[in-house]
Protein chains: 4
Amino acid sequence: MRAERKEREFNFRRAAILEQAEKIFSAKGYYNVTMAEIAEASGFAIGSLYQFFESKEDLYSSMILEKIDLMSAAIRQEVNAAKDVTGKIEALIAAQLQFVEKNADFFRIFLRGQSDALSETMTALNQKIIDGYFDNVMFIENILKAGIKCGVLRKVPTRDAASALFHLTRSVTIEWLLKPTKDSIVSKKDFIVDIFFNGVKNYDQ
Amino acid sequence: MRAERKEREFNFRRAAILEQAEKIFSAKGYYNVTMAEIAEASGFAIGSLYQFFESKEDLYSSMILEKIDLMSAAIRQEVNAAKDVTGKIEALIAAQLQFVEKNADFFRIFLRGQSDALSETMTALNQKIIDGYFDNVMFIENILKAGIKCGVLRKVPTRDAASALFHLTRSVTIEWLLKPTKDSIVSKKDFIVDIFFNGVKNYDQ
Amino acid sequence: MRAERKEREFNFRRAAILEQAEKIFSAKGYYNVTMAEIAEASGFAIGSLYQFFESKEDLYSSMILEKIDLMSAAIRQEVNAAKDVTGKIEALIAAQLQFVEKNADFFRIFLRGQSDALSETMTALNQKIIDGYFDNVMFIENILKAGIKCGVLRKVPTRDAASALFHLTRSVTIEWLLKPTKDSIVSKKDFIVDIFFNGVKNYDQ
Amino acid sequence: MRAERKEREFNFRRAAILEQAEKIFSAKGYYNVTMAEIAEASGFAIGSLYQFFESKEDLYSSMILEKIDLMSAAIRQEVNAAKDVTGKIEALIAAQLQFVEKNADFFRIFLRGQSDALSETMTALNQKIIDGYFDNVMFIENILKAGIKCGVLRKVPTRDAASALFHLTRSVTIEWLLKPTKDSIVSKKDFIVDIFFNGVKNYDQ
DNA sequence: GATGAATGAGCGTTCATTCAT
DNA sequence: GATGAATGAACGCTCATTCAT
């Protein structure tokens, strides 16, 4: 059908814009990027951007929210595929790190985005990001609760521990983004698992 | 002496501006704050701000860097006062949380600032923030190294573990800033220590 | 014949566009109406409008000029049908008011158009409107001249008096357009005739 | 006092901008004038215009409303100075014509403005213009009522007659603005008075 | 030194017009 | 012929910075 092809084309172009925008926003930050720049980079005229997005803010928000959804879906799929609690946690971390590796540009933005969430502007986006963050932590929390219930984990405050695991992974992500290294970030999974499960104390002493 | 009094006056006014700027930047973010707003809030004329700071960017950078220095100094003092490794780590966490509690406004900025550090603008500030971050992690790393050497901690990759501890504390900070609560954040110290030292695994099983 | 049918079709569509355009321009004014809006309202594609009109300005001008011609013709016909001067003047006023009543939307534009004629843009349109205005006033003037010649009217400056009659009618039109009323505007004819013929002075005193 | 001089300066500059804007708007119409043009003509920077006016619309509205107020005041003063009804009406017409002569540029705009008042944009300005128009007509109406009461005028519908007188004057104004003539428009006063009082009918026949 | 009015480059956004399909 | 997505010049407006007072 004609209309179908149209829509496919539309989505294709839209995605192309978002891809370029991601790179540029990642490098320079929301306020230092102009619509003209995005147009130039994506090979469209300035006016054309407005056929795909209502405004600069809409373009930015769309890019972030859609990527977040992708990430959420990817992670949940991996986690649900795992059977026991330990496996789920490992899958969670691995999936997160994989996503980071494949979307480094986006994460540079996303990490900023979460901080921007602390300010008053772009309220809609911020609220969605915060909601997404809480969702995420709650998702982790439920895994931990299951782990405590079945005795694999000791009784720790689940909410705090979930947040801790989330930020442990984030810590590795930030280090990786800050120091250009060729090593795959996924190799850090075992370290996170080790620290999160065992802590640093030496019991052998 | 006349010149001394002048300088004291100067520093006093400068600090007053930074104090107001901190509040405003915290609430609205760098790009949504105007020099006129800062002037208004601090009771100076717009032009006067330029006697204390070269530019808006300079004002912003100065505020952040000076607060970081304060925080660094405060933390190091507390840590150095502690005697053994365990005590140093507890002191480190407690000092950081205390600083967060006393400087919530600043931390809202700082968390954003660290993310901004991932982009290309404000190079000077970003580099200094990254340097400060690395300094901080290295400082923690040295404590951990000492802990491993004396057998209190098990042999974990020190750099990664230092970063992990740093971000564990950060995780608690973000949660606290995101959800307005009247509980003191310092009370979270024991949780961080517990997780970091012991992990979440249940060894009793 | 084929070509004829084509032309009929063409003119039919063209008229449909003008009809919608009249409504929209009337409500929002030339500069607040977009070609997209006119296309939408008339059920054509944007590009199709350009097969009927060279430009937005051409569309606007065409609509106005054609309506003016219609009005002129209608009025002249009515006036010529009347026999004596008094009858001609009454016919003139009545015809004008009837046209206003049937073309309220257009008159909202036309009144604006006449003022636009005082500025420098849309020179072609403006010149034609001014020409039309002068034609109109001259047409009235000739009636008045005849009236003076045959002694029905006293010796007043004909040009000024013609303009006065024109604007007297206009005054009633504006009042009627400004205050939404259900009374037919045509009922005001007698008032205009009365004032124009007799003035307001009380000779009985 | 310092502040006083400041304010005088401010008002002086503001008036200078309005004066230039009047000329330009008069020649090209609201939508064909750019802020850059007004800035250029008045010798200020673009940004400076915004210290005197909130927006382009505000600049335009201010210019019109302030002139209207001036005109209203001037006319009412002249009218009130006259003693009997005939004198008041003559004063009214003379004052209006004088104002037109001194403010030709403004009237080119104002005549357009009143028509714009028939569309939906610039609601606030339009409402004020319409209000002003009604005020004006009512002011005239009261004079006519007094004239009827004291028997100088015959019993005509006062509202319609007031509007008629208003537009009679307007008719002369438009003719004068449309045809560049060196004759003073004020000389047309007697014609207006004559037509309005006596009509065109020849009673001698 | 202190002021804040003046500056103008630079932004996001609109929309008449074109032209490949 | 009919379409409507693509275009980009042009607009109103902001705000960091300067400098005459």
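Keep in mind that the numbers below use all heavy atoms, side chains included, and drop hydrogens, waters and symmetry copies. Labels below follow one simple rule: chain letters A, B, ... track the order of the sequence lines, proteins then strands, and each chain is numbered from 1.
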Worksheet item: How many Å lie between CD1 on D:I38 and P on E:dG8, as a whole number?
Response: 17 Å
Worksheet item: Which part of the nucleic acid, if any, lies within contact of D:F10, taking any heavy atom under 4.0 Å across all strands shown: a base, the sugar-phosphate backbone alone, or nothing?
Response: nothing
Worksheet entry | d(CD, A:E57; P, E:dC11) in whole Å | 18 Å
Fill in: Geometric class of the A:F25/A:Y30 ring pair [parallel <30°, tilted 30-60°, perpendicular >60°]
parallel
Worksheet item: Can you name the nearest heavy-atom pair linking D:N32 to C:Y31, along with the distance?
Response: ND2-OH, 2.8 Å
Worksheet item: Picking from F:dC13, E:dG8, F:dA16, which would you name as closest to the side chain of D:A45?
Response: E:dG8
Worksheet, complete the sentence: From the candidates F:dG1, E:dG12, E:dT17, the one with an atom nearest any side-chain atom of C:Q51 is F:dG1
Worksheet item: Is the shortest heavy-atom distance from the side chain of D:Y60 to the side chain of D:V33 under 4.5 Å?
Response: no
Practice prompt. Quickly, which of D:E19, D:E7, D:E66 forms a salt bridge (Lys or Arg N to Asp or Glu O under 4.0 Å) with D:R14? Name it, please.
Written response: D:E66
Practice prompt. Select from C:E54 and B:F52 the residue whose nearest nucleotide in DNA chain E is closer to the 5' end of that strand.
Written response: B:F52
Practice prompt. Check each residue of residues 11-24 of chain D for a non-hydrogen atom within less than 4.0 Å of any atom in DNA chain E, then write out the ones that pass by number, or none.
Written response: D:R13
Fill in: Flag side-chain contact, heavy atom, 4.5 Å: C:I38 against C:F44
no
Worksheet item: What is the distance from CG of D:L49 to C1' of F:dT14, rounded to the nearest Å?
Response: 13 Å
Discussion item. Using a 4.0 Å heavy-atom cut-off, does D:F44 contact any base of the nucleic acid, only the sugar-phosphate backbone, or nothing at all?
Written reply: sugar-phosphate
Discussion item. Could you walk me through whether C:R5 and C:E9 satisfy the salt bridge (charged side-chain N to carboxylate O under 4.0 Å, His left out) test, starting with their C-alpha distance in whole Å, then the side-chain angles of each, then the deciding distance to 0.1 Å, before giving a yes or no?
Written reply: CA-CA 6 Å; C:R5 208 170 64 92; C:E9 274 269 297; 5.5 Å; no
Worksheet item: Are any of the side-chain heavy atoms of C:E37 and C:E40 separated by less than 4.5 Å?
Response: no
Worksheet entry | 5'-most by nearest nucleotide on DNA chain E - A:T34 or B:I46 | B:I46
Worksheet item: Is the centre of the A:F52 ring less than 6.0 Å from the centre of the A:F10 ring?
Response: yes
Worksheet entry | Between F:dA20 (P) and D:E9 (CD): distance, integer Å | 16 Å
Item to complete: Could you say whether B:V33 or C:G43 is positioned toward the 5' end of DNA chain F, judged by the nucleotide with the nearest heavy atom to each?
Response: C:G43
Worksheet, complete the sentence: D:K6 atom NZ is separated from E:dT3 atom P, nearest whole Å, by 11 Å
Discussion item. Measure OH/D:Y50 against P/E:dG8 and give the value in whole Å, please.
Written reply: 15 Å
Discussion item. Distance check needed: F:dT14 P versus D:D58 CG, whole Å only.
Written reply: 12 Å
Practice prompt. Could you check which of E:dT17, F:dG4, F:dG1 has an atom nearest any side-chain atom of C:M35?
Written response: E:dT17
Worksheet entry | side-chain N/O B:S48 vs E:dT3 OP1/OP2, d < 4.0 Å | yes
Discussion item. If you define the side chain from C-beta out and look only at heavy atoms, does anything of A:S62 sit under 4.5 Å from A:F53?
Written reply: yes
Discussion item. Just to be sure I follow the notation: if a pair is Watson-Crick (purine N1 to pyrimidine N3 plus N6-O4 or O6-N4) or a G-U wobble (N1-O2 and O6-N3), each under 3.5 Å, what dot-bracket string does DNA chain E give, with | for pairs to another strand?
Written reply: .||||||||||||||||||||
Discussion item. If I take atom NZ in residue B:K56 and atom C1' in nucleotide F:dT17, what distance separates them, rounded to the nearest angstrom?
Written reply: 12 Å
Worksheet, complete the sentence: Taking every heavy atom of A:L59 against every heavy atom of A:L18, the minimum-distance pair comes out as O-CD2, 3.8 Å
